Every structure is written in structure tokens, then in C-alpha cells.
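To start, the structure under review is shown below, and the notes come after it.
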Amino acid sequence: MKNRFGKTAGLALACALCLLLTGGCAPSARPAASVQDESQVLLGFSQLGSESAWRIGNTKSVQEAAKRAGVQLMYENAEQKQEKQIKAIRSFIAYQVDVIAFSPIVEDGWDNVLREAKNAGIPVLTTDRRINTSDQSLFVGFVGSDFYEEGRKAGRFVLRKMADADHVNIAEISGTVDSTPMRQRGAGFRGVLEGDERFTIIASVSGDFLRSKGKECMRELLQQYGDIDVLFSHNDAMTLGAIEAIEEAGLVPGKDIVIVTVDGEQAAIDLLKQGRINCVVECTPLIGDIIMELAKKLAAGETIPRDTYSEERVFTEFDTDLDSLAAREY
Ligand code: GZL
């Protein structure tokens with residue numbers, strides 16, 4: 001951990017910088033100098049927003065894990081804006097945190113601010129989503145899901161469910177454009193189906209991981225295409241919106257249109273049990289404890305694995321134990 005005796009001056013400077021950089025909203029969790037415990041790791045965490053139950057569950061996991069781990073957390077919510085994440089990272093640098101962790105809303109555009117963190121000697125951990133950079137030294141590791149595998153799991157379910165179909169029209173409602181889950185879930189899904197002429201992805205539109213946009217997208221898809229056999233939706237929030245549109249159109253979700261979704265929110269599992277969703281690919285947001293474990297290692301100068309992946313399941317209509325599933329934490 002950095003020597004924080006010089007912190008008081010640093011704190012004043014950082015507050016001024018943060019007020020300058022963030023338009024006056026200093027990190028709500030910024031500890032006053034008097035309450036800083038020099039032995040505690042100080043982690044700056046930039047969360048991308050609050051767009052879904054998954055994201056809210058992820059934030060809760062990080063905040064509760066910090067308390068359990070005795071890590072002092074400076075938390076910033078960027079409200080879906082990359083420029084706010086960049087400003088938050090700059091304020092963490094000014095405050096000389098021990099470690100920076102962030103969930104990059106999109107993959108591109110991080111090199112400059114991460115070079116500033118590197119020059120300040122602050123290790124950066126990417127969580128949940130990845131960045132696209134030619135300089136791999138700008139971050140020390142990634143912790144989160146294998147989104148390619150999530151897409152492959154969705155594709156393998158479609159292959160099984162539609163095994164007897166002669167031709168299958170698939171509509172895709174994807175996540176935030178140029179985000180890692182959007183790019184990799186889509187690629188994994190397509191990789192499983194490619195080469196099988198029976199499957200056609202007739203449309204792919206972005207719902208930005210939002211329930212409201214998922215509903216809008218599905219309404220438009222149903223107006224444009226009268227023969228959608230399968231919906232592949234990149235997250236449960238959009239799926240919940242899409243199901244509203246499907247039912248408004250007088251169709252039965254899970255029957256008239258096979259529905260494959262990703263995340264594993266309680267609401268999606270409940271609909272799976274009711275037969276209104278056919279497959280839920282788990283993507284766990286509960287990575288707070290592993291983030292704290294890795295942050296403490298980094299603060300102690302230890303090395304960490306380049307990639308740390310979550311263990312994840314897939315739940316389908318073919319499962320016989322759905323009723324025994326434990327309550328979901330998101
Ligand atoms: C995936 C995460 C995605 C979730 C969405 O790790 O980045 O963002 O699938 C969330 O629910 O909005």
C-alpha cells in the first residue's frame with residue numbers, strides 16, 4: 001500500500017482535481033483523510049451503470065465483498081457513459097489508489113487513461129468486460145465470464161431444440177454495441193450454427209442490454225418478420241421486454257417463438273419454469289470476492305493470472321431439477 005502520510009495534501013489535490021474532472025461529483029465513497037486506515041487496500045472501482053438486474057447484482061457483489069475483505073472502496077457509477085468512466089479513473093489516479101478495477105462499457109478508447117494509470121504505477125484490473133488495446137501492458141488482468149462460451153451454449157441449445165426442423169429463422173437482440181459480451185456472445189452463437197444451412201439469422205438489432213429497448217426491438221422485428229422461430233437475446237432484461245412485445249402480438253413466448261437468453265436473473269428462471277423461456281445461459285455477476293482477492297494481491301505487489309473466469313451453468317427446458325434451484329441473488 002502506498003505511504004498515505006502524504007495523503008492529506010494528496011487528498012486536497014485529488015478533491016480539487018476530482019471536482020474539476022467530474023464536474024463537482026467527488027466519489028461518494030471517498031474516505032476523509034482522518035478515517036483512512038493506512039493498512040487497508042484502497043481500490044478505485046468504476047462501474048459502467050445500472051442498466052440491468054445483472055449490473056445491480058454486480059455492484060452489490062463488489063460493495064459487499066469490499067466490506068468482507070476490509071478493502072476501502074472508492075465507487076463511481078458512470079451511468080452508461082464511457083467519458084464518465086474515464087473521468088472516474090483519472091480521479092482514482094489523482095487520489096493515488098492502490099489498485100483500479102473497472103467494467104469497460106465498450107472495448108475501445110481506453111489507451112490514454114490507462115497509460116496515465118500505468119505511469120502513476122497503479123495496476124488496473126478489468127472486470128466483467130474487456131478492452132481492445134495494442135498495448136497489453138495497460139492492464140494486469142481480467143476477471144469475468146467467457147462470453148464466447150456463453151454464446152456457444154446458446155447455440156448448442158438451439159441445435160438440440162430445433163433438431164427436427166427443416167429451416168429455422170433466428171432473430172437476435174444483441175447487447176451494447178462494441179461491448180465484449182455483445183461481440184463475443186454473438187460470435188460464439190454463430191460459430192456453433194455456421195455450416196448448418198437450416199439456420200438463418202434473419203435479423204440482429206441492439207437493445208443495449210435495456211428492457212425498454214428489448215421490447216421496442218421485438219415489436220419492430222415482429223412487424224418486419226412474420227416468421228421468427230427463435231429469439232436469441234443477449235441478456236434477460238431485454239428478453240423480459242421482448243416477451244411483453246411477443247404477448248402483445250398475440251403469440252406465446254416459449255412456444256410460438258423459442259427464447260434463448262443470457263444472465264440467469266431470477267425473473268428469467270421463473271419464466272423458464274413456466275415454459276415461457278426455453279433456455280437461460282448463466283452469466284454470474286457475483287464476482288466481488290474474486291475481485292477483492294486479486295486487488296489485495298496486486299496491492300501487495302504479487303502477480304495474478306492474466307484471465308480469471310467464472311464457473312457458469314446453463315438452464316434449459318430439458319432440465320428436470322429446475323424446481324430445486326436455489327434462489328438467484330440477482
Ligand atoms: C455481462 C455483462 C452484461 C450482462 C447484462 O458480463 O457485462 O451487462 O449480460 C449487463 O445484463 O447489462
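Each ligand, and each atom within it, is numbered from 1 in the order the structure gives. Just so you know, these numbers come straight off a predicted model, no measurement behind them.
With a 6.0 Å radius and a threshold of 12 heavy atoms from other residues, nucleotides or ligands, E329 has its CD atom at or below the threshold.
Among protein heavy atoms, atom 8 (O) of ligand 1 sits closest to R129 NH2, 2.8 Å. When hydrogens are left out, the protein atom nearest atom 6 (O) of ligand 1 is D128 OD1, 2.3 Å; that is the closest non-hydrogen contact. For atom 9 (O) of ligand 1, the closest non-hydrogen atom of the protein is D263 OD1, 2.6 Å. Scanning the protein heavy atoms around atom 10 (C) of ligand 1, the nearest turns out to be E51 OE2, 3.2 Å.
For R328 and E282, the salt-bridge test passes: some basic side-chain N is under 4.0 Å from an acidic carboxylate O. Using a 4.0 Å cut-off between a side-chain N of Lys or Arg and a carboxylate O of Asp or Glu, R90 and E116 qualify as a salt bridge. Contact check on D178 versus R183 returns a salt bridge, with a Lys/Arg side-chain nitrogen under 4.0 Å from an Asp/Glu carboxylate oxygen. Salt bridge present: E149 and R156 bring a charged side-chain N and a carboxylate O closer than 4.0 Å. The pair E317-K161 meets the salt-bridge criterion, since a charged nitrogen lies less than 4.0 angstrom from a carboxylate oxygen.
Below 4.0 Å from some heavy atom of P181 lie the following atoms of ligand 1, by number and element: 7 (O). Below 4.0 Å from some heavy atom of S52 lie the following atoms of ligand 1, by number and element: 5 (C), 10 (C), 11 (O), 12 (O). Heavy-atom contacts of C283 reach the following atoms of ligand 1: 1 (C), 6 (O) (cutoff under 4.0 Å). In summary, the atoms of ligand 1 found under 4.0 Å from a heavy atom of R185, numbered by their order in the structure, are 1 (C), 9 (O). Close approach of ligand 1 to N235 is summarised as follows: ligand atoms under 4.0 Å from at least one heavy atom of the residue are 5 (C), 9 (O), 11 (O). Distances below 4.0 Å separate heavy atoms of R55 from the following atoms of ligand 1: 2 (C), 3 (C), 7 (O), 8 (O), 10 (C). Atoms of ligand 1 found under 4.0 Å from any heavy atom of F147, numbered from 1 in the order shown, are 1 (C), 6 (O).
For the residue pair K84 and A78, the shortest heavy atom distance occurs at CD-O, 3.4 Å.
Residue R130 is tested with D307, D108, D146 for a salt bridge (Lys or Arg N to Asp or Glu O under 4.0 Å); the sole match is D307.
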